[in-house]
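Accompanying notes for the structure given below.
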There are 2 protein chains.
Amino acid sequence: MNMLALFVMDVLTIAEAAQTTGWSARMLRYIEQTGLVVPRRSEGGYRLYGPAQVQRLRTLRDLVTTHDIGLAELGFVARLQSEPGLGAAVNEWFTARPARPEETPETDWLRFEQEKHERLLTHRTR
Amino acid sequence: MNMLALFVMDVLTIAEAAQTTGWSARMLRYIEQTGLVVPRRSEGGYRLYGPAQVQRLRTLRDLVTTHDIGLAELGFVARLQSEPGLGAAVNEWFTARPARPEETPETDWLRFEQEKHERLLTHRTR
DNA sequence: GTATCATTGACATGAACATGCTAGCGTTGT
DNA sequence: ACAACGCTAGCATGTTCATGTCAATGATAC
């Protein structure tokens, strides 16, 4: 890899990046589509992966495989970041009380009171 | 809906909950599977939706339709809160380094204020 | 006691996700 | 100049998501 990059070495083509990161070139392109790791391009349109991106791809691989999560899920998290409105809405929904059943008290009246309280919270979380 | 619930009214069966929330009964069961809204059960195993849960289902519907997001994505966000290791890892990945090449990654984000309310949501008790 | 409703499990389907592979056409290194 | 490589577009396949529907069995209401 060179392409008029005399002192800009450490820049890999997609095949090379694929090699060292464990992803396939196809997947690298796909990952780019999801917005997770977007390399810059050469004049001619070739993807150029810098060390930071390569690192990122490696850790991404790790993250995905060890925790069994999909790229789409991470893409969504990315969306949360870039779309402030979305993030806020999701956040609000989640902070406004979980609907887990095990927290259900045996006493029905008590439960009722609690739910009433919960509803109040859900109303204006701000 | 009654089932020996003399003073525990405001508790809906799945069909009733479906009616008022706009989801189908099928979807309510599905949503339960994803862990997003889990109703408690009657002695006989019937799902019982309280006002809080109904509210939650309504807002969920809103969230999903207005922002065009999937239940799976939200389920993942839920996972982020319940699995601290995961949340940390994902957080780290996103905060550590640029995804975009031209954008100067002088960014703080990803930190949605979960830390504050974490223990509220973190009740393992399985 | 019986009609009505719920439960779980299974099968079905269209859309989206995750990947691979091919084809035709530009880019790059020597 | 030309071989080697990358790019995009598209097709293909297996998987998960999101839903619906149907069947057999059990719970509730009156």
Report task. Would you name the heavy atoms of B/Tyr49 and B/Val54 that are closest together and state the gap between them? Result -> CB-CG2, 4.2 Å
Query raised in the report: Does B/Thr20 offer a backbone N or O that forms a donor-acceptor pair with the side chain of B/Arg58 under 3.5 Å?
Result: yes
Query - Distance, rounded to the nearest Å, where B/Leu71 contributes CG and C/dA16 contributes C1' - result: 14 Å
Expected rows: protein N/O vs nucleotides 1-4 of chain D N/O, under 3.5 Å:
none

Query raised in the report: Are B/Ser42 and D/dT28 close enough that a side-chain N or O sits under 4.0 Å from OP1 or OP2?
Result: yes
Report summary line: Here the distance between atom P of D/dT15 and atom CG of A/Asp68, to the nearest Å, is 14 Å
Query - For atom CZ of B/Phe76 and atom C1' of C/dA16, their distance in whole Å - result: 17 Å
Query raised in the report: Quick one: on DNA chain D, does A/Gly45 or B/Ile69 contact a more 5' nucleotide (nearest heavy atom)?
Result: A/Gly45
**Report entry** Rounded interatomic separation in angstrom, taking CG from B/Leu60 and P from D/dA18
**Finding:** 11 Å
**Report entry** More than 12 heavy atoms from other groups under 6.0 Å of CD on A/Glu83
**Finding:** yes
Requested in this report: Please lay out, stage by stage, how B/Arg40 and B/Val11 fare under the test side-chain contact (heavy atoms from CB on, under 4.5 Å).
Outcome: CA-CA 10 Å; B/Arg40 72 195 160 94; B/Val11 175; 3.8 Å; yes
Query raised in the report: Are OP1 or OP2 of D/dG6 and a side-chain N or O of A/Thr13 less than 4.0 angstrom apart?
Result: yes
Query raised in the report: Tell me, which of residues 24-34 of chain A have any heavy atom that sits under 4.0 Å from an atom in DNA chain C?
Result: A/Ser24, A/Arg26, A/Met27, A/Tyr30
**Report entry** B/Val38 backbone acceptor or donor facing B/Arg56 side chain under 3.5 Å
**Finding:** no
Report task. Please report, rounded to the nearest Å, how far the P atom of D/dA27 is from the CG atom of B/Leu48. Result -> 14 Å
Query raised in the report: What integer distance in Å separates B/Trp23:CH2 from D/dC17:P?
Result: 15 Å
**Report entry** Heavy-atom pair of closest approach, residues B/Val77 and A/Phe94
**Finding:** CG1-CE1, 3.6 Å
Requested in this report: Would you name the heavy atoms of A/Ala89 and B/Leu63 that are closest together and state the gap between them?
Outcome: CB-CD1, 3.5 Å
**Report entry** Considering all heavy atoms, the nearest B/Leu86-A/His67 contact
**Finding:** CG-CD2, 3.8 Å
**Report entry** Heavy-atom pair with the smallest gap, counting every atom of B/Leu60 and B/Leu71
**Finding:** CD2-CD2, 4.2 Å
**Report entry** For atom CG of B/Leu12 and atom P of D/dT28, their distance in whole Å
**Finding:** 16 Å
Query raised in the report: Rounded to the Å, how far apart are A/Leu36 CG and C/dC17 P?
Result: 13 Å
